[in-house]
Protein chains: 2
Amino acid sequence: MTGTPVSRVTIADVAIAAGVSKTAVSFAFNNPENLGQATLERVLRVARDLGYAPHPAARALSMRRSGTMGVLIPQRLSTVFANPFLSELMQGLGEQCEEHDLTLLLVPPLDGSLESAIRQASVDGFISLGLSPDDKALRLLDRNGIPTVLVDSDPSPEHPVVNVDDRGGAEEAARHLLELGHTQLAIIVLPPTRSQLETTPTAARRMAGYEAAIAGAGAPAPECVTAGISVEAGARAFHQLREGVRRPTAVLAMSDMAAIGVMSAARASGLRVPADLSVVGFDDLPMAAWTYPPLTTVHQPIVEKGRLAARLLIDRMNGRKVESPQPLATSLVVRGSTSKAKEVVSRQT
Amino acid sequence: MTGTPVSRVTIADVAIAAGVSKTAVSFAFNNPENLGQATLERVLRVARDLGYAPHPAARALSMRRSGTMGVLIPQRLSTVFANPFLSELMQGLGEQCEEHDLTLLLVPPLDGSLESAIRQASVDGFISLGLSPDDKALRLLDRNGIPTVLVDSDPSPEHPVVNVDDRGGAEEAARHLLELGHTQLAIIVLPPTRSQLETTPTAARRMAGYEAAIAGAGAPAPECVTAGISVEAGARAFHQLREGVRRPTAVLAMSDMAAIGVMSAARASGLRVPADLSVVGFDDLPMAAWTYPPLTTVHQPIVEKGRLAARLLIDRMNGRKVESPQPLATSLVVRGSTSKAKEVVSRQT
DNA sequence: CCGCTTTACTAAAGCGGTTTAGAGGCGATC
DNA sequence: GATCGCCTCTAAACCGCTTTAGTAAAGCGG
């Protein structure tokens, strides 16, 4: 607990203690076949006794590789980890990293900027989340020859991009509600991040999907509210919607978290879900199955997305060329939070 | 997409291009007051034009600090991120890291061992999750003078430890069920990690709390089942319990995830929760409030735990001495998943 | 016993920064 | 006009490791 600054054991210390050169010590760990049996054992024993561990930064500098994959995160960690989406993605990334002996560095904006955070990050490659392909941070990486794979971005000629079929999923979700007879829809839009002032690529694609379905059905224009990706934000969005002139009978949320917030705020306001209000989310987080009622939502393969992105990045780090894959499929999972619109129900009975 | 190995721009390149020494370039970034106005501006402009960014590993080597906080994770990332517990903790850690301009490195066991993963991790300090204080990995860190703070561990003379009152929380949970008239309890135990073959410190403390309450009430010994921290594992545990001779009327789960698994498996088996089976969890994850029925569980301040641990580590990294704080308080949150035992109910009517 | 390859090991040159010690120029001081 | 100190700027050492080039000794066929 004292924090005594124990001076680190260096390779030179081991070399002296074992009566060999630094080179020999290095060989003992990295090229044991270059050493005689006796010397090898002696060096390793001395190293262990002294508690020697090579200095990672020195190693990284001289080997030109750090054994670390970076994840570029466009927002504060406390907000982004409040959304289980990132947990899911990390599972995919983590699996591949472990398989290839990489550690995983989270790089959020520091001191107000992603670029200054990047400068201090010693990584062999970056996964970039939700950044637009022409973001300044990406330029910086390119200039320094750090391979990068984009996730949830727009198509890019420069970088491989891993996406899911946001548009298709959104369209399916909206069509589902329209087929249930809902005409007055509301949309809860994903918030912009610090680097995108307007809207994220993902939000734009989902919006396009919703609108295509609505226009296709000739339904009136939906009401749109922007809400953060949290249950609380979803609840606030619900109240905002209630104050509007046209009370929607169904809401399309661009995230499950917001959808759950809408459901619980609706229930708290005395509405029944889905009888009085249908709700469909987006993501199909594991928890979507345990909510009450279970959430109808658009499934996207998040773990798989992370796994694929990591795999592509590792390929690039190893010098292989890589093409952007097809967007991964999304699909609507109908559970208990949607039902026929009231008018339709009454007309039928 | 080509992966062209763009050779990195080094400080020497900038120095030559600007017609100054390497020192001057370094000064321009780190000690601008050492340079004349004109030179400073010229160097910075040239650096920007060339897209220069100092090599993080070189910087770390020579400055003896990497600007990174490590998190030692005792299991595979894919299993540990399946539990929202880590997300919560990361929110606390992340908040402090961002405040102090640190990036966050996740270090899971690589190549089968935490120690080999530690070797390649260039960090200024480590948060260690759930490791016993005499773990070999911690010795290695000590030998190399890397400050470490333990979370969810046993008290240690060597390191600051951040804990919550697991025992008190567990006791309160068990007492709650006993007061509701349940006598036949079951306990779902946290699984061991790779480094603890028997049981984790956390699991041991919670178990002690449960047993103290049960013994205090003179109730029969509970049935114990070990289950991983996931909904699926919880469901399996439920079925295991059902096959046992004594059907418990209430279960104490050491994690919310397992508790949710028990609830949904029970419902799927035709049991009503809480009428036929009471369930209480541990952690009070945000989702505990959205489940059906809402989960009665022991609240622990996870974000605060992460925040505190990070703060202590940062203090240690800055050479300050640090004492282990008192365990953080836990408290039972009664929601909808517990009710009076059947016998009691019938006897009353 | 000589030249030739192997084997076992080492000196020294990087990797790309920071930092210490000091050099040179210039105005102020006496 | 010599001396001092300050302001800029630089050369070189250093951080701790890997790796290249090379040396000395041992092995070996002839």
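Side chains are part of it too, since the values below use all heavy atoms of this structure and drop only hydrogens, waters and symmetry mates. Order of the sequence lines sets the chain letters (A, B, ...), proteins ahead of strands, with each chain counted from 1.
Between B:Thr23 and the phosphate of D:dA11, there is no side-chain N or O to OP1/OP2 separation shorter than 4.0 Å. Contact annotation: A:Arg59 side-chain N/O to D:dT18 OP1/OP2 distance is under 4.0 Å. An OP1 or OP2 oxygen of C:dG17 is reached within less than 4.0 angstrom by no side-chain nitrogen or oxygen of B:Ser62. Taking only side-chain nitrogens and oxygens, B:Ser26 comes nearer than 4.0 Å to OP1 or OP2 of C:dT18. OP1 and OP2 of C:dA8 both lie 4.0 Å or more from every side-chain N or O belonging to A:Asn34.
Along DNA chain C, the nucleotide closest to A:Arg64 and the one closest to B:Asn30 are compared, and the more 5′ of them pairs with A:Arg64. Each of B:Phe27 and A:Ala12 was assigned the nucleotide of DNA chain D with the nearest heavy atom; the assignment lying further toward the 5' end belongs to B:Phe27. Closest-nucleotide positions on DNA chain C for A:Lys22 and A:Leu35 were compared, and the one nearer the 5' end corresponds to A:Leu35.
Summarising the geometry, the separation between CD on A:Glu41 and P on C:dA8 is reported as 13 Å, rounded to the nearest angstrom. Between A:Asn144 atom CG and C:dG17 atom P there is a gap of 9 Å when expressed in whole angstrom units. Rounded to an integer number of Å, the gap from B:Arg8 CZ to C:dG14 C1' is 17 Å. Protein atom CZ of B:Arg65 is 17 Å distant from nucleotide atom C1' of C:dT19, rounded to whole Å. The interatomic distance linking B:Asn31 (CG) with D:dT8 (P) rounds to 14 Å, in whole Å. As a whole-Å value, the separation of A:Leu40 CG from C:dT7 P is 16 Å. Following rounding to the nearest Å, B:Arg42 (CZ) and D:dC9 (C1') show an atom-to-atom distance of 11 Å. Rounded to whole Å, the distance from CD on B:Glu33 to C1' on D:dC6 is 15 Å.
Here the nucleotide nearest the side chain of B:His55, chosen from D:dG16, C:dA8, C:dG17, is C:dG17. Nearest to the side-chain atoms of A:Met63 among the listed nucleotides D:dT18, C:dG16, D:dC15 stands D:dT18. Nearest nucleotide to the B:Ser21 side chain, out of C:dT10, D:dC17, D:dT10: D:dT10. For A:Ala24, the side-chain atoms get nearest to C:dT10 when compared with the rest of C:dT20, D:dC17, C:dT10.
Nucleic acid contact for A:Val25: none, since no nucleic acid atom lies under 4.0 Å from a heavy atom of the residue. Backbone-only contact: A:Tyr52 has heavy atoms under 4.0 Å from sugar-phosphate atoms and none from a base. Among the atoms of the strands shown, base atoms are found under 4.0 Å from some heavy atom of A:Leu61.
Scanning all heavy atoms of the two residues, the minimum distance from A:Met69 to A:Cys97 falls at SD-SG, 3.5 Å.
Side-chain contact check for B:Leu138 versus B:Phe126: every heavy-atom pair is 4.5 Å or farther apart. The shortest side-chain heavy-atom distance between A:Arg76 and A:Pro108 does not fall under the 4.5 Å cut-off.
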query = Is there a salt bridge (charged side-chain N to carboxylate O under 4.0 Å, His left out) between A:Arg139 and A:Asp134 once you walk through the steps?
reply = CA-CA 7 Å; A:Arg139 302 235 159 292; A:Asp134 52 359; over 6 Å; no
inquiry  = As a quick check of understanding, evaluate side-chain contact (heavy atoms from CB on, under 4.5 Å) for A:Leu89 and A:Leu129, giving each step before the final call.
reply    = CA-CA 10 Å; A:Leu89 196 78; A:Leu129 295 187; 3.4 Å; yes
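One distance of note links NE2 of A:His55 with OG of A:Ser62; it measures 12.5 Å at 0.5 Å rounding.
Taking a pair to require two hydrogen-bonding distances under 3.5 Å in either a Watson-Crick or a G-U wobble arrangement, D:dG29 pairs with C:dC2.
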